[in-house]
Asks: 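Submitted below is the structure of interest, expressed as structure tokens.
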Protein chains: 2
Amino acid sequence: MSTDPLSHTFAALSDPTRRAILARLALGETSVTELAQPFEMSMPAISKHLKVLERAGLIVRGRDAQWRPCRLKPQPLKDAAQWLEHYRRFWEQSFDRLEEYLRQMQAKERKDARKK
Amino acid sequence: MSTDPLSHTFAALSDPTRRAILARLALGETSVTELAQPFEMSMPAISKHLKVLERAGLIVRGRDAQWRPCRLKPQPLKDAAQWLEHYRRFWEQSFDRLEEYLRQMQAKERKDARKK
DNA sequence: CGGTTAAATAACTACCTAGTTAAATATGCC
DNA sequence: GGCATATTTAACTAGGTAGTTATTTAACCG
């Protein structure tokens, strides 16, 4: 996988278990065992998911006796959201006659340019 | 990788080449060769990236003689942005004394509960 | 038809991921 | 110290990803 922060963030978000873990952490800091509880998955598997989230900077882990409380760190989510914002105009655009027309004109121009 | 749409979307976005391809497509529909041009990478590599983007529903490919024009499809980006929106309050929250205080109270309560 | 261009596929390598079970580590409690 | 609990690490398997070069397919053009 690529080494830039955004790539790490999106990669971390590309797994439903990890997204569910983040959703749980949105309710507040908690232990690994409690995070693991909803999943039919071994503890080591959860531990690995947490490591991925930690490497992506999406969580931090503290120490409270033998517990390792996990806490959400939202900054990478903000950065990801900002990246997506650049494309907002595309999904807000009504895909109406004008847009389709412009697209086809563009394709036609390229075609004509090649024919010269 | 997981099979749900959101996982596919985030996985597709977790590569800088693919994000750059989407950025180029935001300027308008274009051919594979033109998409490949900015990258020091073989055509088959680009072709594979396009396949990933297509599987994620982020692009569609048409046919214009021997060209395969690619076009951005923004719906999955919208869905990803909406997922991230759920966490907006976390990055907008000022991480001030109150928030920190609440967090520590929460940790303390769990500790006390265990001691009973 | 033959040559050229655009793009995809095949076959391969190297590495990463997501899961498993078994063992190790860390800490609190008596 | 020794047991119990929480969590991580080790070692392994199966499958996916990102890239390569060589080959193949598709379409236009003369």
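By convention in this document, chain letters (A, B, ...) are assigned in the order of the sequence lines, proteins followed by strands, and residues within each chain are numbered from 1.
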Asks: Specify the separation, in whole Å, of atom CD of A/Glu40 and atom C1' of C/dA18.
Replies: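 It works out to 16 Å between those atoms.
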Asks: Does A/Ser47 put a side-chain nitrogen or oxygen below 4.0 Å from OP1 or OP2 of D/dT7?
Replies: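 Indeed not, no polar side-chain atom of A/Ser47 lies that close.
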Asks: Would you indicate, yes or no, if C/dG19 has its OP1 or OP2 atom less than 4.0 angstrom from a side-chain nitrogen or oxygen of A/His49?
Replies: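 Result: yes.
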Asks: Does C/dT27 have its OP1 or OP2 closer than 4.0 Å to a side-chain nitrogen or oxygen of A/Arg68?
Replies: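 A/Arg68 to C/dT27 OP1/OP2: no side-chain N or O under 4.0 Å.
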Asks: Nearest whole Å is fine: how far is D/dT5 P from A/Glu34 CD?
Replies: 18 Å
Asks: Is the shortest side-chain N to carboxylate O distance from B/Glu92 to B/Arg89 below 4.0 Å?
Replies: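 So B/Glu92 does not pair with B/Arg89 through a salt bridge.
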Asks: What is the distance, to the nearest angstrom, from the CG atom on B/Asp15 to the P atom on D/dT17?
Replies: 11 Å
Asks: In whole angstrom, give the distance that lies between atom CZ of A/Phe10 and atom P of D/dA18.
Replies: 15 Å
Asks: Hey, which of these two, B/Arg55 or B/Ala45, hits DNA chain D nearer its 5' end, going by closest nucleotide?
Replies: B/Arg55
Asks: With the threshold set at 4.0 Å, does a side-chain nitrogen-carboxylate oxygen contact exist between A/Arg88 and A/Glu85?
Replies: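 Salt bridge between A/Arg88 and A/Glu85, a charged N being under 4.0 Å from a carboxylate O: yes.
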Asks: Quickly work out the B/Phe39 CZ to D/dT20 P distance and round it to whole Å.
Replies: 13 Å
Asks: Given C/dA7, C/dA18, D/dT20, identify the nucleotide with an atom nearest to the side chain of A/Val52.
Replies: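 Looking only at heavy atoms from C-beta outward on A/Val52, the closest nucleotide is C/dA18.
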Asks: Can you list the residues that meet the side-chain hydrogen bond (donor to acceptor under 3.5 Å, both in side chains) rule with B/Ser7, with sequence neighbours excluded?
Replies: A/Arg19, B/Asp4
Asks: Looking at B/Lys51, I'd like to know whether one of its side-chain N or O atoms comes within less than 4.0 Å of OP1 or OP2 on D/dT17.
Replies: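 B/Lys51 to D/dT17 OP1/OP2: no side-chain N or O under 4.0 Å.
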Asks: With nearest nucleotides of DNA chain C determined for A/Met41 and B/Ile46 from heavy-atom distances, which residue corresponds to the more 5′ nucleotide?
Replies: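 That would be B/Ile46.
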Asks: Both A/Pro44 and A/Gln66 contact DNA chain D. Which one's nearest nucleotide lies toward the 5' end?
Replies: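 Going by which nucleotide is closer to the 5' end, it is A/Gln66.
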Asks: Would you check if the side chain of B/Thr9 reaches a backbone N or O of B/Pro5 as a donor-acceptor pair within less than 3.5 Å?
Replies: yes
Asks: Counting only side-chain N and O atoms of B/Arg61, is one of them less than 4.0 Å from OP1 or OP2 of C/dA7?
Replies: no
Asks: Among D/dA18, D/dT7, D/dC12, which nucleotide has an atom closest to any side-chain atom of B/Arg18?
Replies: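 Selected nucleotide (nearest to the side chain): D/dA18.
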Asks: What I'd like to find out is whether the side chain of A/Val60 reaches to under 4.5 Å of the side chain of A/Cys70, using heavy atoms alone.
Replies: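 A/Val60 vs A/Cys70: side chains apart.
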Asks: Does B/Arg63 put a side-chain nitrogen or oxygen below 4.0 Å from OP1 or OP2 of C/dA6?
Replies: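 Negative; the distance criterion is not met.
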Asks: Roughly how many Å is it from CH2 in B/Trp67 to C1' in D/dC29, rounded to a whole number?
Replies: 11 Å
Asks: To the nearest Å, give me how far apart NZ (A/Lys48) and P (C/dA22) are.
Replies: 15 Å
Asks: B/Thr33 side chain N/O closer than 4.0 Å to the phosphate oxygens (OP1, OP2) of C/dA6?
Replies: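 Indeed not, no polar side-chain atom of B/Thr33 lies that close.
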Asks: In this structure, how many angstroms lie between the P atom of D/dT9 and the CE atom of A/Met43, rounded?
Replies: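 In whole Å, D/dT9 P lies 12 Å from A/Met43 CE.
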